[in-house]
Amino acid sequence: MAKLRIHNTLEKKKEDFIPVDPNHVRMYTCGPTVYNYAHIGNARPAVISDLLVRVLRCIYPKVTYASNITDIDDKIINASIETKTPIDEITSKFERIYNEDMASLGVQAPDIQPHATDFIDEMIGLIQMMIDKNAAYESEGHVLFDVTSYSSYGKLSGRDLEDQIAGSRVEVASYKKNAGDFVLWKPSVDNQPGWESPWGFGRPGWHLECSVMSEKSLGLPFDIHGGGMDLIFPHHENEIAQSCGAHGEDKDPKIFSRYWIHNAMLNMNGEKMSKSLGNIFYIRDFLDKQPGEVLRLALISGHYRQPLNWTDDTIEQARIILDKLYRSLKKTDDIKVDIDSFDNESSTVLNALCDDLNTSKAIAEIIEIAKNLSKANSDDLKKKFKKELLFSANLMGILQESPDVWLGIGKADDNLDSDNIEKLIQERNEARAAKDFQKADDIRSQLNEMGIEIEDTADGTVWSSK
RNA sequence: GGCGUCGUGGCCAAGUGGUAAGGCAGAGGUCUGCAAAAUCUCCAUCACCAGUUCGAAUCUGGUCGACGCCUCCA
């Protein structure tokens, strides 16, 4: 069986992946706060997680993947005030858009997609458990987590509490016992949304929801927890502390999640993506110009733990590679294969992905397979390589279109007349047969001006719109 | 101030102790009336310096440079 190795942030090294239960692997990835359009940076963890889930499904009989929707948060409240739109209108709209955008990137829907607001009771319950075990305390209407109650605090992020406090730029709130304590529950005032709780009307702190939803969705301990590197501290560190605190564990973070994977950030032309720089790239805008698969391949063109610099070139190169793969597939349109009969063990792509998601290597391998397919000179070989190509593509979540559609073959825009195109091609071929190459070339340039490219193949002339 | 990451050919990007994958671009060849596609060949000693080693892009120390987190953030 293929062996998966992944880099575990908790141990800061690449490890063999050993599931809690080999018959049922469970994974959680922090999902979006739905208050705006999803940008390209939001897509990276989703695509990487999706890829890992696909690999896991290849190896293990059952995989449950949960990823949440955060639908209560100060950012949402602010967006609601700014746009004078009810909160649930904002959250339902942007959740729908997020899911649509991810789908177009080939991200399979999570098995479970819990909403924070559906777990308020459970969050209150978890806080109560922390209070009962002296891991949390109430103060000035807030409930706070006491970081001194958890001895491994800082293990995930490699931080030392004392150092943090010394260099901190944030003033310590009056209601905190320790500077590092963080909010579990905070009061809601005026028109802020909230729920009744033993500590008054309020709402949960940011980190609490993921502790609750991951546990309720998957049970503890589960196998893998993912997210962006910027979440390591404080979000994930605090999730661990809360879950351990609630369950009376004061040391071992692995009673929560065994492995933690984190993707590096994405830069826009070398700069951090941020509102102030005005370089936020929304997936929506991109999808108007390029198919989702291009974006997906571009996102996995580099290793997930390396920063990815997003430029026009990144996109262009992904497009070129996909065109090449689709062309090799097009060449063997007539060959029918049964992918299910493919032997996973021999997959070079699966092997590459099993090595901590070495996507660059996987891409190199799939190009190699396509090359083999193009060169194949017998039906047996064509079958063999096509099967391997399709299996690999499915694993990577690409080549889901039909080659004809992708390459624009025989497809005219509304303002193009395909009958006319066919007629011109026929005329050109007659000219070619009569060795009137001047006329043939004239017709080609005429078609070119119409935005039509033609290609003479062994099976006749194929045209596609640019 | 603390923690951490990175620096591989013109560009993108793997490799992390045994002599530099892959893609793009470029050069040349095959095929084609031409073109396109396909295919073949060629194209780097791994920021710098000093060590460890039979052997280093890969380990250690230092220098320079880029960047992230510590505050909402994927």
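The chains referred to below are lettered A, B, ... by the order of the sequence lines, with proteins before strands, and numbering in each begins at 1. Side chains are part of it too, since the values below use all heavy atoms of this structure and drop only hydrogens, waters and symmetry mates.
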**Student:** Tabulate below the donor-acceptor pairs under 3.5 Å that side-chain atoms of residues 361-378 of chain A make, not counting sequence neighbours, or state none.
**Tutor:**
{"residue": "A:Asn372", "atom": "ND2", "partner": "A:Glu368", "partner atom": "O", "Å": "3.4"}
{"residue": "A:Ser374", "atom": "OG", "partner": "A:Ala370", "partner atom": "O", "Å": "3.1"}
{"residue": "A:Ser378", "atom": "OG", "partner": "A:Leu381", "partner atom": "N", "Å": "3.1"}

**Student:** Using atom C1' in both nucleotides, what's the gap between B:rA57 and B:rG15 to the nearest angstrom?
**Tutor:** 9 Å
**Student:** Look at the aromatic rings of A:His236 and A:His262 and report parallel, tilted or perpendicular, splitting at 30° and 60°.
**Tutor:** tilted
**Student:** Mark yes or no: A:Arg159 above the aromatic ring of A:Phe233, with NZ or CZ under 6.0 Å from the six-membered ring centre and no more than 45 degrees from the axis.
**Tutor:** yes
**Student:** With sugar-phosphate meaning primed atoms plus P, OP1 and OP2, does A:Asn358 contact a base, only sugar-phosphate, or nothing at under 4.0 Å between heavy atoms?
**Tutor:** sugar-phosphate
**Student:** What distance, rounded to whole Å, do you find between the two P atoms, one in B:rG17 and one in B:rG2?
**Tutor:** 31 Å
**Student:** Consider the side chain of A:Lys324, meaning its heavy atoms from C-beta on, and name the nucleotide among B:rG23, B:rA35, B:rA74 that approaches it most closely.
**Tutor:** B:rG23
**Student:** Go through B:rG23, B:rC34, B:rA14 for me and flag the one nearest to the A:Ile367 side chain.
**Tutor:** B:rG23
**Student:** Is it the case that the ring center of A:Phe222 lies less than 6.0 angstrom away from the ring center of A:Phe256?
**Tutor:** yes
**Student:** Between B:rA35, B:rG23, B:rA13, which nucleotide has the shortest distance from any of its atoms to the side chain of A:Ile321?
**Tutor:** B:rG23
**Student:** Take atom P in B:rU30 and the same atom in B:rA35, then report the distance between them in whole Å.
**Tutor:** 12 Å
**Student:** Looking only at the side chain of A:Ala364 (C-beta and beyond, no hydrogens), which of the listed nucleotides B:rG33, B:rC70, B:rA21 gets closest?
**Tutor:** B:rA21
**Student:** Could you check A:Gly31 against A:Lys12 and say which one's nearest nucleotide on RNA chain B is further toward the 5' end?
**Tutor:** A:Lys12
**Student:** Pick the P atom in B:rG29 and in B:rA66, then give their distance to the nearest Å.
**Tutor:** 44 Å
**Student:** B:rG68 base to A:Asp230 side chain: any donor-acceptor pair below 3.5 Å?
**Tutor:** no
**Student:** The side chain of A:Lys371 is closest to which nucleotide in this list: B:rU39, B:rC69, B:rC12?
**Tutor:** B:rU39
**Student:** Which of these nucleotides, B:rA14, B:rA74, B:rA36, is closest to any side-chain atom of A:Gln306?
**Tutor:** B:rA14
**Student:** Considering only the C1' atoms, how many Å lie between B:rC54 and B:rC59, rounded to the nearest integer?
**Tutor:** 16 Å
**Student:** Taking only the C1' atom of each, what is the distance from B:rC43 to B:rG61 in whole angstrom?
**Tutor:** 35 Å
**Student:** Main chain of A:Gln192, side chain of A:Asp190: is a donor-acceptor contact present, judged purely on distance under 3.5 Å?
**Tutor:** no
**Student:** Return the value, rounded to whole Å, for the distance between atom CD of A:Gln317 and atom C1' of B:rG23.
**Tutor:** 6 Å
**Student:** Of all the choices, B:rA21, B:rC34, B:rC11, which nucleotide is nearest to the side chain of A:Asp313 once you look at every atom?
**Tutor:** B:rC11
**Student:** Report the nucleotide, chosen from B:rC11, B:rG33, B:rA74, that has the shortest atom-to-atom distance to any side-chain atom of A:Arg432.
**Tutor:** B:rG33
**Student:** When the P atoms of B:rA47 and B:rC12 are compared, how many Å lie between them, rounded to an integer?
**Tutor:** 14 Å
**Student:** Would you say the side chain of A:Asp456 and the base of B:rC34 hold a donor-acceptor pair, judged only by whether the two atoms sit under 3.5 Å apart?
**Tutor:** yes
